[in-house]
Amino acid sequence: MKKMVLFALLFAAVAGAAQAAHVQPLRNVTYQCRYTNPTIEANPGFSRFDWIYMDAAELKQGIEYFDATWGPDNRKMTFAKPVDGNSFYYGPFTTWESTIKYGPQCQNTSVLFGGHRIDFSQCSDGSSRTCTTYW
């Protein structure tokens, strides 16, 4: 009986520690992105995030390098206000608000599968996109 209680407490501690970390876009990994209603982005195109400032709790700021219709470009980007969730299909995920400087804000940006997929939706310019790691 003691072993079962100890195991249950250990499992609860590990599960709680796993929930503490937000799921975030992977740094310096190439994503292939497909857009709905793109503005300046090549569709499909590639994106990569390079974080300049990372507050592990609430804020990620950096540069997104992406394919524009005229070639490679970049823009400052912020991920903020994380809300963690868990689902049977996706596993742990975090929903962020993402903002591109002088560009759209996406109020529902879900980072899934350990950061290997990002779904940008509810964007102020009417666009949306899904990005998955590209190997």
Side-chain angles (χ1 to χ4, degrees):
M1 182 67 164
K2 271 191 200 179
K3 287 183 182 180
M4 286 183 70
V5 170
L6 183 59
F7 177 75
L9 289 173
L10 180 62
F11 181 76
V14 169
Q19 281 294 96
H22 300 306
V23 183
Q24 58 192 356
L26 301 173
R27 182 178 181 178
N28 294 328
V29 170
T30 300
Y31 289 88
Q32 184 174 37
C33 300
R34 298 192 182 279
Y35 295 82
T36 301
N37 299 323
T39 52
I40 61 170
E41 302 86 4
N43 187 28
F46 294 98
S47 285
R48 182 175 52 85
F49 300 94
D50 186 8
W51 302 119
I52 297 170
Y53 174 78
M54 297 174 64
D55 173 346
E58 302 298 319
L59 187 67
K60 309 283 179 245
Q61 291 181 320
I63 306 293
E64 178 185 10
Y65 298 91
F66 69 101
D67 290 337
T69 54
W70 57 82
D73 206 339
N74 64 73
R75 53 193 171 193
K76 291 183 181 179
M77 185 160 212
T78 301
F79 283 73
K81 299 182 182 178
V83 176
D84 294 324
N86 202 340
S87 77
F88 177 76
Y89 180 71
Y90 297 119
F93 65 91
T94 302
T95 301
W96 302 80
E97 285 188 14
S98 62
T99 303
I100 297 169
K101 189 171 184 174
Y102 306 118
Q105 178 182 29
C106 300
Q107 293 182 335
N108 186 15
T109 301
S110 296
V111 183
L112 317 155
F113 301 116
H116 290 277
R117 178 172 157 179
I118 310 168
D119 292 336
F120 296 83
S121 62
Q122 295 179 3
C123 301
S124 59
D125 66 352
S127 69
S128 65
R129 64 178 158 151
T130 297
C131 301
T132 55
T133 50
Y134 183 78
W135 303 104

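Here, residue 1 is the first one in the sequence, and each next residue gets the next number.
The two residues Phe49 and Pro25 make their nearest non-hydrogen contact at CD1-CB, 4.1 Å. Taking both residues in full, the closest heavy atoms of Asn86 and Gly91 are given as OD1-C, 3.0 Å, listed atom of the first, atom of the second, then distance. In plain terms, the two heavy atoms of Ala42 and Tyr35 that are nearest each other are O-CE1, 3.5 Å.
A distance-only check finds no donor-acceptor pair linking the side chain of Asp73 to the backbone of Ala68 [under 3.5 Å]. A distance-only check finds a donor-acceptor pair linking the side chain of Ser124 to the backbone of Gln105 [under 3.5 Å]. A donor-acceptor pair is defined here as one N or O able to donate and one able to accept, closer than 3.5 Å; such a pair exists between the side chain of Thr94 and the backbone of Val23.
By the side-chain contact (heavy atoms from CB on, under 4.5 Å) test, Thr95 is found to be paired with Phe93, Asn108, Ser110, residues two or more places apart in sequence or in another chain being considered. With sequence neighbours excluded, the residues satisfying side chain to side chain donor-acceptor pair (under 3.5 Å) with Ser127 are Asp125. Tyr134 is linked by a ring-ring contact (aromatic ring centres under 6.0 Å, His included) to Phe46, counting only residues two or more places apart in sequence or in another chain. Contacts of Glu41 classified as salt bridge (charged side-chain N to carboxylate O under 4.0 Å, His left out), with partners at least two apart in sequence or in another chain: Arg75. With sequence neighbours left out, Lys76 forms a salt bridge (charged side-chain N to carboxylate O under 4.0 Å, His left out) with no residue at all. Listed by chain and residue number, Arg117 satisfy the salt bridge (charged side-chain N to carboxylate O under 4.0 Å, His left out) test with Asp119 (two or more places apart in sequence, or in another chain).
The distance from atom CD of Glu64 to atom NZ of Lys101, rounded to the nearest 0.5 Å, is 15.5 Å. Here the CG-NE2 distance, from Asp84 to His22, works out to 5.0 Å after rounding to the nearest 0.5 Å. In this structure, the separation between CG on Asn74 and CZ on Arg48 is 9.5 Å, given to the nearest 0.5 Å. Summarising the geometry, atom CG belonging to Leu26 is positioned 13.0 Å from atom CZ belonging to Phe113; distances are rounded to the nearest 0.5 Å. The distance from atom OG of Ser87 to atom CG of Leu112, rounded to the nearest 0.5 Å, is 7.5 Å. Note that the NE2 atom of His116 and the OG1 atom of Thr133 stand 5.5 Å from one another [nearest 0.5 Å].
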List the steps, then state whether side chain to side chain contact (heavy atoms under 4.5 Å, CB included) holds for Asn43 with Arg34.
-> CA-CA 6 Å; Asn43 187 28; Arg34 298 192 182 279; 4.2 Å; yes

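With hydrophobic clusters built from ILVMFWY side chains whose heavy atoms lie under 4.5 angstrom apart, Val29 shares a cluster with Phe120.
When side chains are defined from C-beta on, Cys33 does not count as touching Phe66, because their heavy atoms never get closer than 4.5 Å.
No option in Met77, Arg27, Gln61 other than Arg27 meets the side chain to side chain contact (heavy atoms under 4.5 Å, CB included) test with Trp51.
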